[in-house]
Chemist: 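Before I ask anything, here is the structure I am working with.
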Amino acid sequence: VGYTHSFQDTNLPEGGSFDDGNGVDVLVGFQAGNYLAFQLGYQWQTQSDYDTHFFPISVRCMSPAILDRIRLYGQFGLGLFYSQVRGQFNQDDNVKGAAYRLGGGIEVGITKKISGIVYGAWLKGMGSTDDYESGTVGAGLQYRWDL
């Protein structure tokens with residue numbers, strides 16, 4: 001779970017552009033071996049005139065541990081994207097489609113099961129949502145179950 005801040009680069013064809021926003025990232029998944037994880041997620045970004053929702057399936061590739069507590073990772077996600085606009089935007093600007101996200105981060109072990117994470121990513125809409133682009137930076141906590 002993490003807090004994210006988005007840097008919007010979205011300019012709608014009907015006019016207007018999104019202000020930078022804030023939101024949350026929630027991911028759940030499983031790790032396959034020491035260096036690969038598969039995750040399902042939800043990202044919500046909001047500001048006074050819009051909400052965006054992204055539901056990715058992601059693959060995370062992790063580095064070997066540095067100093068037994070630090071790991072770097074890269075991540076790719078592909079999923080469904082939905083925008084809700086209001087205020088200065090026309091309701092016809094709402095879209096549903098697909099998007100992808102590329103990013104990476106650093107994970108620092110706090111305890112054996114809890115890690116702090118700091119990450120960044122770029123989200124880009126595809127097809128009918130290709131006008132939507134944003135960069136995000138975030139920080140959060142990660143919990144590991146020993147299942």
Chemist: Salt-bridged, Arg101 to Asp25, with N to O below 4.0 Å?
Modeler: yes
Chemist: When you look at Thr52 and Trp44, which way does the side-chain contact (heavy atoms from CB on, under 4.5 Å) test go after all the steps?
Modeler: CA-CA 6 Å; Thr52 62; Trp44 169 61; over 6 Å; no
Chemist: Do Gln45 and Ser134 have side-chain atoms, one donor and one acceptor, less than 3.5 Å apart?
Modeler: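 The answer is no; no qualifying pair exists.
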Chemist: According to a hydrophobic-cluster definition based on side-chain heavy atoms being under 4.5 Å apart (Ile, Leu, Val, Met, Phe, Trp, Tyr only), do Val24 and Leu40 belong together?
Modeler: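 Different clusters: Val24 never reaches Leu40 through Ile, Leu, Val, Met, Phe, Trp or Tyr contacts under 4.5 Å.
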Chemist: Heavy-atom distance under 4.5 Å between the side chains of Ile70 and Ile106, does that happen here?
Modeler: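 Answer yes - side chains close enough.
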Chemist: Donor-acceptor pair, Ser63 side chain versus Leu72 backbone, under 3.5 Å?
Modeler: yes
Chemist: May I ask you to check whether Phe18 and Tyr132 place their ring centres under 6.0 Å from each other?
Modeler: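 For Tyr132 and Phe18, the ring centres are under 6.0 Å apart.
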Chemist: About how many Å separate OG1 of Thr136 and CZ of Phe54, when rounded to the nearest 0.5 Å?
Modeler: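 Output value for this atom pair is 10.0 Å.
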Chemist: Main chain of Asp51, side chain of Gln84: is a donor-acceptor contact present, judged purely on distance under 3.5 Å?
Modeler: no
Chemist: Between Ser83 (side chain) and Val95 (backbone), is there a donor-acceptor pair under 3.5 Å?
Modeler: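 Indeed, once roles are kept as given, a pair shorter than 3.5 Å links the two residues.
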Chemist: For the hydrophobic clusters of this structure (ILVMFWY residues joined by side-chain heavy atoms under 4.5 Å, transitively), does one cluster hold both Val1 and Val28?
Modeler: no
Chemist: Does the side chain of Gln43 reach to within under 4.5 Å of the side chain of Leu123, using non-hydrogen atoms?
Modeler: yes
Chemist: Would a distance-only check, ignoring hydrogens and angles, find a side-chain to backbone donor-acceptor pair under 3.5 Å from Ser6 to Gln8?
Modeler: no
Chemist: Is it the case that Gln31 and Arg60 place a side-chain donor and acceptor less than 3.5 Å from each other?
Modeler: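 Result is no, nothing qualifies.
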Chemist: Quick one: does Phe81's side chain get under 4.5 Å of His53's, heavy atoms only?
Modeler: no
Chemist: Would you confirm whether the ring centroid of Phe30 sits within less than 6.0 angstrom of the ring centroid of Phe38?
Modeler: yes
Chemist: With a 4.0 Å cut-off, would you call Lys124 and Glu133 a salt bridge?
Modeler: yes
Chemist: Is any side-chain heavy atom of Tyr73 closer than 4.5 Å to one of Tyr119?
Modeler: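 In contact.
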Chemist: So Cys61 and Leu36, do their side chains get closer than 4.5 Å, heavy atoms only?
Modeler: yes
Chemist: Check Asn22 against His5 and note the closest heavy-atom contact, atom names and distance.
Modeler: OD1-ND1, 2.9 Å
Chemist: Check the pair Val137, Tyr3 against side-chain contact (heavy atoms from CB on, under 4.5 Å), reporting the backbone distance first and the verdict last.
Modeler: CA-CA 8 Å; Val137 292; Tyr3 159 79; over 6 Å; no
Chemist: Find out whether Ile110 and Leu141 are in side-chain contact, i.e. whether some heavy atom of one side chain is under 4.5 Å from a heavy atom of the other.
Modeler: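 Contact flag for Ile110/Leu141 side chains = yes.
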Chemist: Should the heavy atoms of other residues, nucleotides or ligands under 6.0 Å from NZ of Lys96 be counted, would the total exceed 12?
Modeler: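 Incorrect, the count does not exceed 12.
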Chemist: Does some side-chain heavy atom of Tyr35 sit less than 4.5 Å from a side-chain heavy atom of Pro64?
Modeler: yes
Chemist: According to the interplanar angle, ranging from 0 to 90°, do the rings of Phe76 and Tyr100 count as parallel (below 30°), tilted (30 to 60°) or perpendicular (above 60°)?
Modeler: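 Parallel.
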Chemist: To the nearest 0.5 Å, what is the distance between CD1 (Ile114) and OH (Tyr143)?
Modeler: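 One finds 7.0 Å between CD1 of Ile114 and OH of Tyr143.
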Chemist: Could you check whether any side-chain heavy atom of Leu27 comes within less than 4.5 Å of a side-chain heavy atom of Gln75, counting everything from C-beta outward?
Modeler: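 Counting from C-beta outward, Leu27 and Gln75 do come under 4.5 Å.
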Chemist: Taking Thr111 for the side chain and Ser115 for the main chain, is one N or O donor matched with an acceptor at less than 3.5 Å?
Modeler: no
Chemist: Nearest 0.5 Å, please: how far is CG in Leu78 from CD1 in Ile57?
Modeler: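 Rounded to the nearest 0.5 Å, the CD1-CG separation comes to 7.5 Å.
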Chemist: Measuring from Gln142:CD to Arg71:CZ, what's the distance to the nearest 0.5 Å?
Modeler: 9.0 Å
